Amino acid sequence: MNRRLIPPGPVVGPVVVLVAGLAVAPVPPALAADAAKDTTRPATPTRSLSLAEAVSDALSTNVDTLLAQARQNEAAGKRVSARSAFLPHISGQVSESRRQTNLAAQGFDFGSDVGPQSGAQAGAAAGLGLSFPTTVTYNNFDARARLRQTLFDYSAWQDYQSAKLGEKVAADRLAVAREQVATQTELDYVQALSARRAVEAAEANVEQAKTLLKLARDQEQVGVATGVDVTRARARLARVRADLAQRRTERTRAEIQLARTAGLPLGSNLKLTDPLVFRPMPLGPVDAAIDTALAGRPEIDVARTRIARGRRNLASARGERLPTLSIEADYGASGNTPNENERPTYAIGASLSVPIFAGGRISGQIDAAASQLNQQRIRFRDTRRQIEQEVRTARQTLETLASRVRAARANLTLAKQELARSRDRFAHGVGDNVEVVDAQSNLADARNGRIDALAEYTRARINLAAAFGRAQQFSLTQPMTP
């Protein structure tokens, strides 16, 4: 196949492109401009987001709190269902039918050929002129209201009390879920803040590397530095640019995670308004802090209520051995049709049920309920120890990280001084830029160390607030008093 080559040179007007010998129609400039406009997406509006707003949004939209609210509604429905055992059960029923009954099949013998008969019996029936059918057809109508009322059922009463405690457990679990969601939102907010600070530090490192590269080139031009110095400065610039790209990726991930936790659109352009600052926290006696946590944590309420519910379940299982008493009554009209032979009828009675032998079912239920109660007591003790561990760990971590933040701040100041002095030495031709590059690395590490120490300290503050059950009241700018 012959292909016509387009000679090089300026091309004016639309161009026809040949692909595998096929001509593609030229695109007019106006249509190309319209296509470019169609592919341009509007910029995402920026939303200012404080820590309090993020927590509020998360509490109203996070899946954990929504599921906890749904479980609370479920527990309320179970309570209503258990209560129905002690309320009157009233029902109504209307029926009408047409029946045909075989009397002979029911054992009636009126002289028919069903069953053996003596001659005297047959003659008597014939002499009287009586004739009885073997089948009868009739209508039946019945309309009545029924009432059933339980008077005594100890097991059902304990089940109702257990269901009420189950509703309280669900409410306490909702409080636990809200604390956990608030804690996670605050941790994600701090992670996003530290990621942004890391990007700012990386950008400062890039600008600083550019400045020092320019200095190396200027020194090379005047004969003070060599090409090795320039290459070393360029390599340093390449490294900090790569670090900047990594920091930006981490920032994007942190912001997406924060948006998901807070229930915001994942493509939101967030502007975090709360600062990442160092706020020392006063720490009182550890025993008082543990008592405060045990009094304020909803997990303790959940564990304590589950023990009370276990006692009710055990009492319900034992109550299966007690008798139950109920009454039943009905009143209505019965006849062939609503207008034929209709008469009022009623029935009333009481029922007493006494269990005698259930094949070991009741004993098994008692053993299972007793074991479940013991398990809840074990969990309660473990929950107390877990809370004490969290308080002690958070306090100790906070004290250690406070020293780390102060040390990181001093290290950053020294790193800036080191870079300034090594830069002056290189500018005056005292030595090469090895010291400058090392000082750059030390300053970059000091900046990152300062950010990491501050972020870790803030996370420790959040964990201590969560240990006290006050995550929803946490503030980045205000210290929390235990």
Side-chain angles (χ1 to χ4, degrees), residues 59 62 64-65 67-79 82 154-184 283-320 362-398 460 462-474 480 482:
L59 292 177
N62 190 274
D64 292 334
T65 55
L67 289 177
Q69 291 173 358
R71 285 190 291 265
Q72 187 178 17
N73 296 334
E74 178 184 355
K78 291 181 179 180
R79 175 186 57 80
Y154 183 78
S155 178
W157 172 254
Q158 295 297 334
D159 289 339
Y160 171 59
Q161 297 298 324
S162 175
K164 290 174 63 178
L165 291 173
E167 188 176 12
K168 186 178 184 305
V169 169
D172 293 335
R173 289 182 63 186
L174 174 59
V176 173
R178 291 176 65 87
E179 280 291 304
Q180 293 175 346
V181 169
T183 301
Q184 186 60 50
L283 298 177
V286 63
D287 293 336
I290 293 174
D291 293 340
T292 301
L294 292 176
R297 289 285 291 270
E299 290 89 342
I300 287 291
D301 296 333
V302 171
R304 187 179 290 111
T305 306
R306 282 176 172 172
I307 291 178
R309 189 181 185 188
R311 293 194 184 101
R312 293 290 185 176
N313 291 336
L314 179 58
S316 173
R318 290 172 176 169
E320 291 284 342
I362 298 178
S363 298
Q365 290 179 346
I366 293 175
D367 294 340
S371 176
Q372 292 174 358
L373 176 58
N374 186 46
Q375 294 174 36
Q376 296 302 332
R377 288 170 175 163
I378 294 173
R379 290 192 180 97
F380 177 75
R381 293 192 295 268
D382 182 70
T383 300
R384 289 179 60 91
R385 292 178 60 85
Q386 178 68 27
I387 292 174
E388 180 180 354
Q389 175 187 349
E390 292 176 359
V391 172
R392 292 182 181 273
T393 302
R395 284 170 55 90
Q396 186 62 38
T397 303
L398 199 63
I462 295 172
N463 291 333
L464 183 59
F468 287 132
R470 302 176 184 174
Q472 299 179 62
Q473 291 79 37
F474 177 80
M480 182 192 69

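These numbers come from the heavy atoms of this one structure, side chains and all, not from hydrogens, waters or symmetry mates. All of these numbers come straight from a predicted model, not from anything done at the bench.
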**Study point:** Contact summary for A466 and T183, nearest pair of heavy atoms
**Key:** CB-OG1, 3.5 Å
Review point. Is a side-chain N or O of T397 found less than 3.5 angstrom from the main chain of A460, in a donor-acceptor match?
Key: no
Review point. Should R309 and T305 count as side-chain neighbours, where that means a heavy-atom distance under 4.5 Å?
Key: no
Practice item. Mark yes or no: R470 above the aromatic ring of F468, with NZ or CZ under 6.0 Å from the six-membered ring centre and no more than 45 degrees from the axis. Key: yes
Point to revise | Criterion side-chain hydrogen bond (donor to acceptor under 3.5 Å, both in side chains) on E299 and T383, from CA distance to verdict | key: CA-CA 7 Å; E299 290 89 342; T383 300; over 6 Å; no
**Study point:** OG-CH2 distance between S316 and W157, expressed to the nearest 0.5 angstrom
**Key:** 12.5 Å
Practice item. Identify the two heavy atoms, one from A465 and one from F474, that lie closest to each other, and give their separation to 0.1 Å. Key: CB-CD1, 4.0 Å
Study note, to complete from the structure: Taken to the nearest 0.5 Å, the spacing of R377 CZ from I307 CD1 works out to 7.0 Å
Check your understanding: Is there a side-chain contact between V181 and Q184, using heavy atoms and a 4.5 Å cut-off?
Key -> no
Review point. Which heavy-atom pair separates E179 from G469 by the least distance, and what is that distance?
Key: OE1-C, 3.2 Å
Check your understanding: So E390 and R297, salt bridge (charged side-chain N to carboxylate O under 4.0 Å, His left out) or not? Walk me through it.
Key -> CA-CA 12 Å; E390 292 176 359; R297 289 285 291 270; 2.9 Å; yes
Exercise for review: Give a yes or no on this: more than 12 heavy atoms of other residues, nucleotides or ligands lie within 6.0 Å of atom CZ of R318.
Suggested key: no
Point to revise | side-chain contact (heavy atoms from CB on, under 4.5 Å) assessment of N313 paired with L373 | key: CA-CA 8 Å; N313 291 336; L373 176 58; over 6 Å; no
Exercise for review: Would you check if there is a donor-acceptor pair between the side chains of Q158 and R312 at a distance under 3.5 Å?
Suggested key: yes
Practice item. For A293 and I387, work out which heavy atoms get closest and say how close. Key: CB-CG2, 3.7 Å
Revision key, fill the gap. CG of D367 to CD of Q365, rounded to nearest 0.5 Å, is 10.5 Å
Review point. Out of curiosity, R306 CZ to L165 CG, how far, rounded to the nearest 0.5 Å?
Key: 12.5 Å
Practice item. Report yes if some heavy atom in the side chain of R392 is under 4.5 Å from a heavy atom in the side chain of I290; otherwise report no. Key: yes
Review point. Could R385 and D382 be called an ion pair, given the rule that one side-chain N must be under 4.0 Å from one carboxylate O?
Key: no
Practice item. Decide, yes or no, whether a salt bridge links K78 with E74 under the criterion of side-chain N to carboxylate O below 4.0 Å. Key: yes
Review point. If you measure from CG on L314 to CG on N374, what distance do you get to the nearest 0.5 Å?
Key: 11.0 Å
Revision key, fill the gap. Rounded to the nearest 0.5 Å, the CZ atom of R178 sits from the CD atom of Q472 at a distance of 5.0 Å
Exercise for review: Work out which heavy atom in A315 is nearest to a heavy atom in Y154; give both atom names and the distance.
Suggested key: O-CE2, 3.6 Å
Exercise for review: Begin from the C-alpha positions of S371 and Q375 and carry the test side-chain hydrogen bond (donor to acceptor under 3.5 Å, both in side chains) through to its verdict.
Suggested key: CA-CA 6 Å; S371 176; Q375 294 174 36; 3.3 Å; yes
Review point. Where do V391 and A289 come nearest, in terms of heavy atoms and distance?
Key: CG1-CB, 4.0 Å
Exercise for review: Give the intermediate values and the outcome of side-chain contact (heavy atoms from CB on, under 4.5 Å) for residues L283 and L464.
Suggested key: CA-CA 10 Å; L283 298 177; L464 183 59; 3.8 Å; yes
Check your understanding: Quick one: does R304's side chain get under 4.5 Å of D172's, heavy atoms only?
Key -> no
